[in-house]
Amino acid sequence: MSARGAGLVAIGLLAPAATSCGGDGPETAEAPSYTQTRPSFTERAGADASTSIRFTDVTAAAGIDFVHATGAFGEKWMPETMGSGVIVLDYDGDDRPDLFFINSTGWDGRAEDRSARSMLLRNLGDGTFRDITREAGLDRPIYGMGGAAADYDADGDTDLYVTAVGDNRLYRNDGGRFTDVTRETGTEGNAPGAADPAWSTAAAWFDADGDSWLDLLVCNYVDWTPETDLFFTRDGVNKSYATPEEYDGESCRLLRNEPASGGSDTGPISARRFRDVTAESGFENPEGKSLGIVIDDFTGDGLPDVAIANDTYQNFLYRNEGDGTFVDVALDAGVAFDEFGRARAGMGVDVGDILNRGQLSIAIGNFSNEPVSLFTQIQAGLFQDLAGSARLTRSTLLPLTFGLRFADFDLDRYVDLVLGNGHIEPEIEAIQGDVTFAQAPQLFRNNGRGGFDDAGALVGGGFDEPIVARGVATLDYDRDGDLDLVISTNGGPAKLFRNDLEPGPGWVRLRLAGAAPNLGAVGATVRVFVGGEAQRFVVSTASSYLSQSEANPVLAGLGDAARADSVVVVWPGGARTVTGPVEAGAALTIRE
């Protein structure tokens with residue numbers, strides 16, 4: 001949340017033709033190929049700024065009436081500008097994605113917004129959602145930020161972790177009703193012995209130590225409390241929202257999933273507890289001001305690495321050493337700073353393969369007057385910001401981007417990029433005339449040559465209307481074979497945009513059933529081959545800003561192809577399953 005430019009002054013269906021486990025598959029599924037210089041962006045011609053994507057705002061029609069509360073009461077406390085996110089999860093196991101919107105209950109001792117609650121919406125399967133927050137046991141006050149959902153205890157249902165200003169919450173799913181098990185599992189997210197609870201932001205579930213149990217990474221922002229709130233002003237008289245430069249950072253925390261006292265890991269289900277292994281794992285970094293997490297294999301060694309976007313501090317890229325420890329290699333990899341050696345104000349982060357050639361790109365949303373970053377692999381272990389050559393710089397310079405997401409909205413086999421924008425200062429236009437508080441989302445269509453065409457004004461349905469966006473997540477809520485979009489806002493209503501893609505492109509839906517204890521196959525990589533080219537997907541609980549998208553099942557676009565030639569799944573332990581061909585429109589379950 002940088003002060004730059006703001007004028008602030010400090011005072012399924014089984015139908016494969018063949019399936020094999022652990023066998024050989026296409027050679028391109030084993031390791032990405034890299035060029036030694038910049039990638040060539042000329043392979044696919046004929047793309048232009050037109051698009052077949054049509055969004056329709058169906059928020060009201062779908063029965064979604066969630067409104068985020070900031071708790072603001074005139075003192076302009078810093079956390080009021082930051083919330084909140086949205087979590088896509090299937091809480092009841094009916095194969096339909098449900099929605100959990102995180103709210104920010106007002107401050108203790110203040111009447112404003114004390115009744116605000118987060119909201120769990122059950123997908124009814126007919127295009128609508130029903131509020132089941134109270135009956136699910138989630139009608140609880142919390143000054144929430146974000147979170148992540150996964151089956152941490154291997155009992156077959158999806159649990160929910162919520163980050164907050166103050167103690168975080170772990171809600172164990174017990175057959176569709178959630179129980180707060182934070183204290184008994186040790187998942188508050190604070191540094192051991194800390195005098196004050198942390199301000200936590202992004203979170204992610206992943207297997208950090210290779211034991212197949214899902215560990216929990218919690219990112220923290222700055223050392224802020226109401227008692228340490230600083231006075232900032234633009235005009236020398238009135239208070240403005242503070243920025244992170246004047247606050248100390250807070251280290252992310254890695255919590256290792258272990259058996260509770262007296263338990264063991266020998267069975268698929270056991271009582272679990274978490275132990276803070278931040279220091280011994282290499283994640284200790286008290287200068288970090290972290291807002292976004294994305295987890296992927298950035299080194300090609302089959303292990304999950306971690307990229308973290310920091311706000312006015314250098315980004316992190318933690319390389320997994322394979323023994324439960326991690327090393328920050330962001331500086332050597334070229335993702336710590338921008339091309340001028342400056343730390344940008346990073347918010348949300350996501351990863352995608354924009355050319356389907358195994359070269360990963362890390363996109364980071366930044367503050368106003370700082371364009372979106374597009375750190376792209378130019379050789380093994382080295383990235384370069386190619387936002388300029390991808391034609392993203394000019395269009396993303398003025399907006400303040402929080403959530404962002406790579407997703408193939410037009411099913412042409414190339415990931416597009418959607419941005420959720422909105423400023424932190426309601427009065428910003430009075431200081432900086434070309435920047436507004438509410439800002440329209442942006443959709444950049446991948447032209448297949450490594451560039452992106454700004455298509456936000458072409459997709460209709462109110463998508464170009466200004467909002468104060470924060471979280472961005474994708475899902476196929478109506479199960480019609482294209483990706484829809486949900487956006488949370490700060491101090492306003494959530495938005496659900498239905499993708500009414502024009503008929504034509506094919507797709508396949510792939511559900512991964514992992515082996516216990518990682519039943520959700522978190523960390524699995526899926527490659528869908530069509531005509532010798534492979535789309536790449538990772539089952540992950542982390543991306544965007546404070547949010548989580550639907551990642552399992554995988555929805556893969558086929559473009560004009562009638563089928564996927566083959567599908568290769570690399571499971572978290574390294575075993576592979578190869579299947580195919582898979583006909584367009586098929587829903588396939590692949591079991592580890």
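Classification of the Y171-F178 ring pair by plane angle, with boundaries at 30° and 60°, yields perpendicular. In this pair, Y161 and W205 present their aromatic rings perpendicular. The plane angle is above 60°, beyond the 30 to 60° band.
A donor-acceptor contact closer than 3.5 angstrom is absent between the side chains of T158 and D151. Side-chain atoms of S373 and N366 form a donor-acceptor pair, as typed in the model, at a separation below 3.5 Å. A donor and an acceptor atom, one from each side chain of N356 and E533, are located under 3.5 Å apart. No side-chain donor from either of S251 and N285 sits under 3.5 Å from a side-chain acceptor of the other. For the residue pair E287 / Y313, a side-chain donor-acceptor distance below 3.5 Å is found, with atom types taken as modelled. Judged by distance alone, the side chains of T376 and S361 do bring a donor and an acceptor atom under 3.5 Å apart.
Atom CG of residue L475 and atom CG of residue L485 lie 8.5 Å apart, to the nearest 0.5 angstrom.
With respect to the salt-bridge test (charged N to carboxylate O, under 4.0 angstrom), the residues E592 and R576 do not qualify. Using a cut-off of 4.0 Å between Lys/Arg side-chain N and Asp/Glu carboxylate O, R169 and E188 are scored as not salt-bridged. Taking 4.0 Å as the cut-off between side-chain N and carboxylate O, D408 and R413 do not count as a salt-bridged pair. Using a cut-off of 4.0 Å between Lys/Arg side-chain N and Asp/Glu carboxylate O, D338 and R344 are scored as salt-bridged.
Qualifying side chain to side chain contact (heavy atoms under 4.5 Å, CB included) partners for A202, counting only residues two or more places apart in sequence or in other chains: C219, I293. In this view, L483 and A407, F409, L555 satisfy the side chain to side chain contact (heavy atoms under 4.5 Å, CB included) rule, not counting sequence neighbours. With sequence neighbours excluded, the residues forming a side chain to side chain contact (heavy atoms under 4.5 Å, CB included) with R172 are Y152, D153, D159, D174, T179, V181, E184, listed by chain and number.
Taking the side chain as every heavy atom from C-beta outward, T579 and L588 approach each other to under 4.5 Å. F383 is listed as a side-chain neighbour of L317, based on a closest heavy-atom distance under 4.5 Å. Counting heavy atoms from C-beta outward, I308 and C252 have side chains that approach closer than 4.5 Å. Side-chain atoms of M347 and L404, non-hydrogen and from C-beta on, never get closer than 4.5 Å to each other. Side-chain contact between P244 and Y221 is present, with at least one heavy-atom pair separated by less than 4.5 Å. Considering only heavy atoms from C-beta on, T541 stays 4.5 Å or farther from F206 through its side chain. Contact annotation: the side chain of R140 approaches that of D180 to within less than 4.5 Å [non-hydrogen atoms, C-beta and beyond]. Using a 4.5 Å heavy-atom cutoff, the side chains of R273 and R275 are not in contact.
The main-chain N or O of R511 is never found under 3.5 Å from a side-chain atom of N552 such that the two would form a donor-acceptor pair. Using modelled atom types, one side-chain atom of N315 and one backbone atom of N310 make a donor-acceptor pair closer than 3.5 Å. The main-chain N or O of L374 is found under 3.5 Å from a side-chain atom of D385 such that the two form a donor-acceptor pair. Looking only at distances, no side-chain donor or acceptor of N320 sits under 3.5 Å from a matching main-chain atom of F326.
Among S544, S543, S547, the one residue that satisfies the side-chain hydrogen bond (donor to acceptor under 3.5 Å, both in side chains) test with R405 is S543. The salt bridge (charged side-chain N to carboxylate O under 4.0 Å, His left out) with R256 is formed by just one residue from the set D276, D209, D207; it is D209.
Less than 6.0 angstrom separates the ring centroid of Y545 from the ring centroid of F402.
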Requested in this report: Could you go through the salt bridge (Lys or Arg N to Asp or Glu O under 4.0 Å) check for D92 and R122 one step at a time?
Outcome: CA-CA 8 Å; D92 54 0; R122 181 172 184 256; 2.6 Å; yes

Query raised in the report: Do D248 and K289 pass the salt bridge (Lys or Arg N to Asp or Glu O under 4.0 Å) test, and can you show the C-alpha distance, the side-chain angles, and the key distance before you say yes or no?
Result: CA-CA 8 Å; D248 292 332; K289 301 175 181 180; over 6 Å; no

Query raised in the report: Should S200 and N168 be marked as a side chain to side chain donor-acceptor pair (under 3.5 Å) after you check the CA-CA gap, both sets of side-chain angles, and the distance that decides it?
Result: CA-CA 7 Å; S200 298; N168 303 327; 3.0 Å; yes

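Within a 6.0 Å radius of CZ in R183, other residues, nucleotides and ligands contribute 12 heavy atoms or fewer.
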